[in-house]
> 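Below you'll find the structure I mean.
This chain uses plain numbering: 1 for the first residue, then up along the sequence. Whatever order the structure lists ligands and atoms in, that order sets their numbers, starting from 1.
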Amino acid sequence: MQDATAQMALLQFMQAGRPKVAVPSTVHCDHLILAKEGATKDLQNSLETNKEVFDFLSSVSNKYGIGFWKPGAGIIHQVILENYAFPGGMMIGTDSHTVNAGGLGMIAIGVGGADAVDVMAGFPWELKFPKLIGVKLTGKMNGWTSAKDVILKVAGILTVKGGTGYILEYFGEGANTISCTGKGTICNMGAEIGATTSLFGYDDKMYNYLIATERKEVADLANQIKEHLIGDSEVYLEPDKYFDQIIEINLSELEPHINGPFTPDLATPISKIKEVVEQNGWPEKIEVGLIGSCTNSSYEDISRSASIAKQAVDKKLKVKSEFTITPGSEMIRYTIERDGFIDIFEKIGGVVLANACGPCIGQWARHGADKKEKNTIITSFNRNFAKRNDGNPNTHGFVASPEIVTAMTIAGTLKFNPLTDKLINEDGIEVKLEPPVGEELPIKGFDVKDPGYQAPAEDGSNIQIIVDPNSNRLQLLESFPEWDGKDFVGLRLLIKVKGKCTTDHISMAGPWLRFRGHLDNISNNTLTGAINYFNDTANLVKNTITGEYGEVPAVQRFYKQQGIGTIVVGDENYGEGSSREHAAMQPRHLGVKAILVKSFARIHETNLKKQGMLALTFADKNDYDKIQEDDIIDIIGLNEFAPEKPLTIILHHADGTNETIYANHSYNWQQIEWFKAGAALNIIKKQFANK
Ligand code: MIC
Ligand code: SF4
């Protein structure tokens, strides 16, 4: 669990009534650290501003037997890869990028906090059996191409929803040529195509990584059962027979890609970038290049990027854009500092940020972002949804490999192709950047002074968890009420969302991260990023009782106060992106009864079910067009709510006409029980209370 999702997960776990977690669990403080002036000052500031939350997480961890990684220790997925992930294991994490551990042959899946509570309470965890996409890799990467480009390419092929309901398995001789951390990068960003998870079979690269991270015992055990940690040879000989879909990528021919803006699946090969930038009128000047993050801060990434930075120094190139580096863990930071890479980055004006998410999750006090100017940044992160990095809707975020980001930062323009183009140096001479070179693993080994880990108490039963009732940041949870056994009639339409609606639109991160432990406070951002179909504006919806327009949370609070239930209507892939269950709990807390959309992203759909909401999809997607702003809506048939059985929806239009439409759902019997109980947690609570 990372700090931003752990608060809600642990607030729920505390209600479950168990003395200790049933499986090994950890908390990582990484999302709450604001990037402003550089690592040391930023970390210090965040320790002060988030003290209450860090203290809470540390004491809950201590009490319930959970390992605690302090602020500054690193980003969850990197720390997990370095310390916990192992081939053949299975893990869930309250963050969509948990899938990073697939790079070390682990089935690792991102979930909402309520799912984590099930597992930590010792209950089985369930998932609709995924289908399989096989990605066959042939050839070998060379020159400027790196592991990131594999997933940038796959994202372009499958799009942000193409992986929904699938596990991606990478195989083929090309797979064995990619470093373990490179495999991690590919799996990590698999979250962006909605995949349940991605994974590679066990190989020598994983063995080497386990050895380098001082886990020889695990490495030797994995070697002993090697044949069970890879697919059977028949599968790879005739993949068409075993996979639902096959994608083939020849690594020898794979070009570096730049994806974006505003969506991670808009993929442009570097050879076309100039043309595409011109066609679309994207701002050409790159203001900032940002490398690192949970997905791209391996020793390999950093050493290759540093080799580009060093060329800039040696070839007397003036760096045109600002440049930041986010190490994924203290171990990486310490090692790259020892090996002189930080020094090189600083020579070209790079600023090293704390070992934390920072700008990747909008924890970036970016100078001037409030002016909302149209501008371009390029990062080696995963996501680039509007407003994500700096809150400015006009920031065009592009995603590329760290080595490409470094080169683009030096050139300062998005129209630069480092493979072919030259730059003019300080002496007016034309120079060319050579392809990056680096090491997969440090020759001198990894090193770290203080990794930042705090082990839990052996016996935590006497530890008291105190939450100040006046706190702004933390609020103990109250149970959601049980379903009253009646159909939902007379619902008002809170918002009909148009187009993309990610969890960032439903519950924005950045400045709102500070309320992740306080359900009522964070509810004030509910759906404020979503575009209202009827006026093409964010955060302006009609209060159909008063006829006035207001902000989404305010209008919803009005309905709640009047005891009127509401419904949210949405488009395709509703809730894509993060695992944050706040996006489900907030509407629930505010009195929304149902979410009716064309399609859902997996984690969000489960989160809604867990919190006792109705998550429905249009049986006929064209019915989306029938929903009008003033509709009064009934959902009928809840007493016969059963798997595979559509529910009936009656739309009462303002002109007095009625229309009946149907809604599908994917609830199984157990999940219907969650709905009836008001939330899955209410069932767990009862079970422990009866013990
Ligand atoms: C993200 O990358 O969007 C996050 C922030 O890591 C989220 C989790 C969160 O919202 O706290 C994720 O990917 O699940
Ligand atoms: Fe943190 Fe960004 Fe990774 Fe999410 S994707 S865990 S915000 S670094």
Side-chain angles (χ1 to χ4, degrees), residues 1-9 27-35 53 69 71 74-81 92-101 108-113 115-116 148 151 160 184-185 187-192 194-195 197 264 290-298 301 324-329 332 353-364 379-385 387-389 397 399 402 502-510 512-517 522 525 529 575-586 601-604 606-607:
M1 292 164 281
Q2 40 89 341
D3 51 2
T5 49
Q7 298 169 57
M8 209 40 98
V27 163
H28 303 258
C29 298
D30 53 3
H31 282 62
L32 296 180
I33 299 166
L34 182 76
V53 171
W69 289 80
I75 310 176
I76 176 165
H77 313 301
Q78 184 66 32
V79 175
I80 299 266
L81 196 73
I92 56 146
T94 62
D95 189 287
S96 62
H97 296 112
T98 303
V99 292
N100 185 52
I109 302 182
V111 298
D115 278 38
K148 184 78 159 192
I151 185 62
V160 287
T185 299
C187 294
N188 191 320
M189 202 178 157
E192 269 41 76
T197 191
L290 306 95
I291 65 166
S293 86
C294 66
T295 176
N296 270 118
S297 61
S298 63
D301 288 332
T324 71
I325 303 97
T326 304
S329 72
I332 283 286
L353 301 175
N355 313 321
C357 300
C360 182
I361 186 56
Q363 288 282 47
W364 186 18
T379 79
S380 70
F381 307 162
N382 284 315
R383 297 196 169 138
N384 54 355
F385 306 137
K387 293 201 206 167
R388 173 157 174 117
N389 300 116
V399 179
T502 71
T503 47
D504 282 272
H505 296 80
I506 308 172
S507 174
M508 196 195 172
W512 288 92
L513 282 176
R514 68 182 189 281
F515 296 128
R516 283 287 184 90
I522 197 165
N525 80 0
E576 98 183 57
S578 152
S579 70
R580 62 190 77 143
E581 62 195 325
H582 304 75
M585 294 177 91
Q586 295 171 214
R602 174 187 63 88
I603 308 181
H604 186 61
T606 311
N607 286 344

> If the cut-off is 4.0 Å to any non-hydrogen atom of His31, which atoms of ligand 1 fall inside it?
4 (C), 5 (C), 6 (O)
> Which of the numbered atoms in ligand 1 are under 4.0 angstrom from any heavy atom belonging to His97?
2 (O), 13 (O)
> Is Asp95 touching ligand 1 with its side chain, its backbone, both, or neither, if touching means heavy atoms under 4.0 Å apart?
both
> Atom 13 (O) of ligand 1: which of Ser96, Ala191, Ala509 has the nearest heavy atom?
Ser96
> Quick one: which ligand 2 atoms are inside 4.0 Å of a heavy atom on Asn382?
5 (S)
> Can you list the ligand 1 atoms lying under 4.0 Å from a non-hydrogen atom of Ala4?
11 (O)
> Only one of Asn296, Val399, Leu290 forms a side chain to side chain contact (heavy atoms under 4.5 Å, CB included) with Phe381, so which one is it?
Leu290
> For ligand 1, which atoms, with element, lie under 4.0 Å from some heavy atom of Thr5?
9 (C), 11 (O)
> Could you check which of Gln2, Arg580, Gln363 puts a non-hydrogen atom nearest to atom 8 (C) of ligand 1?
Gln2
> Distance under 4.0 Å to a non-hydrogen atom of Arg388: what atoms of ligand 1 satisfy this?
1 (C), 2 (O), 3 (O)
> With heavy-atom distances below 4.0 Å as the criterion, list the atoms of ligand 2 near His97.
4 (Fe), 5 (S)
> Quick one, Arg383 with Glu192, criterion side-chain contact (heavy atoms from CB on, under 4.5 Å). Give me CA distance, side-chain angles, the key distance, then yes/no.
CA-CA 7 Å; Arg383 297 196 169 138; Glu192 269 41 76; 2.4 Å; yes
> Looking at Arg580 and Ser507, would you say the former's side chain and the latter's main chain have a donor-acceptor pair under 3.5 Å?
yes
> Calculate, to the nearest 0.5 Å, the distance between atoms CD1 and SG belonging to Ile75 and Cys357 respectively.
5.0 Å
> Any sub-3.5 Å donor-acceptor pair from Ser380's side-chain atoms to Pro402's backbone N or O?
no
> Assess Cys357: does it contribute an N, O or S atom lying under 2.8 Å from atom 1 (Fe) of ligand 2?
yes
> Stepwise, does the side-chain hydrogen bond (donor to acceptor under 3.5 Å, both in side chains) test hold for Ser298 with Asp301?
CA-CA 5 Å; Ser298 63; Asp301 288 332; 3.1 Å; yes
> Quick one: look up the protein heavy atom nearest atom 7 (C) of ligand 1 and list residue, atom name and how far away it is.
Ser578 OG, 3.3 Å
> To the nearest 0.5 Å, what is the distance between OG (Ser96) and CD (Glu576)?
10.5 Å
> How long is the span from the CG atom in Leu513 to the CE atom in Met508, to the nearest 0.5 Å?
9.0 Å
> Nearest to atom 8 (S) of ligand 2, what protein heavy atom do you find, and at what distance?
Cys294 N, 3.5 Å
> What part of Arg383, side chain, backbone, both or neither, has a heavy atom within less than 4.0 angstrom of ligand 2?
neither
> So do the side chains of Leu32 and Gln7 get within less than 4.5 Å of each other, counting heavy atoms only?
yes
> Between His28 and Trp69, what is the ring plane arrangement, given parallel below 30°, perpendicular above 60°, and tilted in between?
parallel
> Is it the side chain (CB and beyond), the backbone, both or neither of Gln2 that lies under 4.0 Å from ligand 2, heavy atoms counted?
neither
> Give the contacting part of Glu581 toward ligand 1: side chain, backbone, both or neither, where contact means a heavy-atom distance below 4.0 Å.
neither
> Please tell me whether Thr185 and Asn188 have a donor and an acceptor in their side chains that are separated by less than 3.5 angstrom.
no
> Compute whether any side-chain donor of one residue and acceptor of the other, for His97 and Asn382, lie under 3.5 angstrom apart.
yes
> Quick one: look up the protein heavy atom nearest atom 2 (Fe) of ligand 2 and list residue, atom name and how far away it is.
Cys360 SG, 2.3 Å
> Show which atoms of ligand 1 fall inside a sub-4.0 Å distance from at least one heavy-atom site of Ser579.
12 (C), 14 (O)
> Would you check whether Arg388 reaches within less than 4.0 Å of ligand 2, judged by its heavy atoms?
yes
> Identify, by atom number and element, the atoms of ligand 1 in contact range of Arg383, meaning under 4.0 Å from any of its heavy atoms.
1 (C), 2 (O), 3 (O), 12 (C), 13 (O)
> Any atoms of ligand 2 less than 4.0 Å from a non-hydrogen atom of His77? List them with their elements.
6 (S)
> With atoms numbered from 1 as shown, which atoms in ligand 1 lie under 4.0 angstrom from a non-hydrogen atom of Arg516?
9 (C), 10 (O), 11 (O)
> Quick one: do Leu81 and Asn100 satisfy side-chain contact (heavy atoms from CB on, under 4.5 Å)? Show the steps, please.
CA-CA 8 Å; Leu81 196 73; Asn100 185 52; 4.1 Å; yes
